[in-house]
Amino acid sequence: MQKMKMKQRLIAMLLSLPLAVVVLAQPATAQADFVKGADVGFLQGQERRGVKFHDRNGKERECLELLKNDYQLSAIRMRVWVTPRGGDCDKFALLAMAKRVKALGMELMVDFHYSDSWADPAKQPIPKAWLGHSFEEMKQDVRNHTIEVLSLLKANGIQPRWVQVGNETTNGMLWSVKTNERGWEVKDSLGNTIITHSMGHIKTEPRQYAGFIRAGYDAVKEVFPDAIVIVHLDRGHRQSLYDYNLDTILKYGGKFDMVGMSLYPYWAMEGHPELNADDIISDCIKNIRHVSEKYKCDVMIVETGYEVDEQHPEKMEEGRRQLARVVRESRNETGGHCRGVFYWEPQCLPGGYKLGAFDGKATPTAIMDGFIEKND
């Protein structure tokens, strides 16, 4: 009886507190909900080519199961393109992987590129089927494509927890550049890409960029009202970049629930000998705190990666150290507002992509140990 009275008094006291005081208790819950995940968009192609994955003991393992059970990953991120060549990363490839993710009890993040191929800060190629459309028509294209893909998931009993409207839209969305025969962007004498169609470039058409973000946001909510809509930018260590982009989105009526960041110390240091990995990570953690406070939203590192060099094991150990630091500080030093860390294509093998996390035998390197938290 005495315990019951104490409990009733405690509840009464909490209910009498101002709302702002009660809200302060939420970060602890946020920390408990911290997610570790991976983008594995290449996995289906690897499997078609006969790649077999193994654990450290040499035992053959299904890749997603290995990531989940040995490295504490609980979520998978998958990109989706509009009309890609050969069907890679189309809505049906997404559905096939989403079914596997659900069967393992993992959560899903859908990454809309709004392109027929790669969209990134250097280019955001307008899908071939959308070329020549007006701004209003292209907003409808964004809406229709988003609803079509998500409705396919919904019809199959799959609900993504997060949906990105655009991939690394640092310089806007839906703007094409001149490319060579291999598909790489062509640059002018000053090193700038040559823009051919500039429907939603942030510098020249900020209102249209924000309009596309809003069209994607509203479409996601129409199919999955509870899904968390993410705006994703690169260079998470650059605060000014985030202020400029996110201010632009909000100024012209765009909306988002969460901000996604890419954090790649390796790429940030390329060509910049004055930089070092630890300062880049520190700046990213500071920026997470800044963005969450300024925009009153949570943040997630949706892409990160570290160098694999089998001839120099110390590089993988350094990658493990950096990843462990990113996970630890994202969880513990952002007031509970960083909700997770995703590795981009950890299952990639050396030779194809240098920032995977598996070796030439399709076995996890030491880098993956950075995800293992003793008290997780």
Side-chain angles (χ1 to χ4, degrees), residues 39 41-42 44-45 77-98 109-153 160 163-186 193-220 222-223 229-234 245 249 254 256 260 302-303:
D39 186 306
F42 288 130
Q44 290 162 305
R77 177 177 182 257
M78 288 295 296
R79 59 184 167 269
V80 60
W81 295 336
V82 178
T83 311
R85 291 183 181 178
D88 286 337
C89 300
D90 68 5
K91 62 182 180 180
F92 299 110
L94 169 65
L95 175 61
M97 185 61 73
M109 179 186 296
V110 177
D111 174 15
F112 281 98
H113 279 231
Y114 298 114
S115 174
D116 292 336
S117 184
W118 300 104
D120 54 48
K123 59 187 180 302
Q124 296 278 324
I126 297 171
K128 186 176 181 180
W130 302 359
L131 284 171
H133 288 190
S134 67
F135 171 49
E136 292 300 326
E137 289 171 330
M138 206 169 290
K139 280 198 300 182
Q140 191 64 39
D141 291 331
V142 169
R143 170 184 165 77
N144 291 345
H145 173 61
T146 304
I147 289 177
E148 179 183 356
V149 171
L150 296 183
S151 294
L152 178 64
L153 296 181
V163 179
Q164 277 188 217
V165 288
N167 186 76
E168 291 188 329
T169 60
T170 306
N171 292 312
M173 198 166 100
L174 292 166
W175 53 275
S176 302
V177 301
K178 185 177 180 180
T179 57
N180 60 24
E181 63 278 2
R182 297 182 61 190
W184 296 104
E185 55 268 23
V186 174
T193 54
I194 301 172
I195 298 174
T196 58
H197 299 88
S198 185
M199 180 61 70
H201 197 288
I202 192 170
K203 291 183 179 178
T204 55
E205 289 89 15
R207 188 183 300 277
Q208 294 179 181
Y209 167 50
F212 294 139
I213 294 292
R214 181 60 182 263
Y217 181 95
D218 290 344
V220 173
E222 183 169 328
V223 182
V229 179
I230 297 175
V231 166
H232 172 210
L233 313 179
D234 78 324
N245 191 292
I249 291 173
F256 52 87
V302 298
E303 289 189 23

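No experiment lies behind these values; they were computed from the predicted model shown. In what follows, residues are counted from 1 in the order of the sequence shown.
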Would Q208 and M138 satisfy side chain to side chain contact (heavy atoms under 4.5 Å, CB included), going step by step from the backbone distance to the final call? CA-CA 10 Å; Q208 294 179 181; M138 206 169 290; over 6 Å; no
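You'll find the side chain of Y209 reaches within 4.5 Å of the side chain of N245, heavy atoms only. Looking only at side-chain heavy atoms (C-beta outward), L233 and T169 come within less than 4.5 Å of each other. A heavy-atom distance below 4.5 Å is not found between the side chains of R79 and N167. At least one side-chain heavy atom of L153 sits under 4.5 Å from a side-chain heavy atom of L95. Contact annotation: the side chain of F42 never approaches that of D88 to less than 4.5 Å [non-hydrogen atoms, C-beta and beyond].
Screening residues 119-138 for ring pair (Phe, Tyr, Trp, His ring centres under 6.0 Å) gives F135-F212 as the qualifying pairs, with residues at least two apart or on separate chains. Sorted by first then second residue, the salt bridge (charged side-chain N to carboxylate O under 4.0 Å, His left out) pairs that include residues 200-219, not counting sequence neighbours, are R214-D218.
Under the side-chain contact (heavy atoms from CB on, under 4.5 Å) criterion, P121 pairs with E168, T170, N171, D234, sequence neighbours left out. With sequence neighbours excluded, no residue satisfies salt bridge (Lys or Arg N to Asp or Glu O under 4.0 Å) with D141. Under the rule for a side-chain contact (heavy atoms from CB on, under 4.5 Å), the partners of T146 that lie at least two apart in sequence or sit in another chain are F112, Y114, V142, L150, A219, V220. With sequence neighbours excluded, the residues satisfying side chain to side chain donor-acceptor pair (under 3.5 Å) with D120 are K123.
In this structure, R77 pairs ionically with D111, as a charged nitrogen and a carboxylate oxygen lie closer than 4.0 Å.
Remark: of the listed residues E137, E222, E148, E222 is the sole one forming a salt bridge (charged side-chain N to carboxylate O under 4.0 Å, His left out) with R143.
Within the 3.5 Å criterion, the main-chain N or O of A93 finds a donor-acceptor partner in the side chain of Q44.
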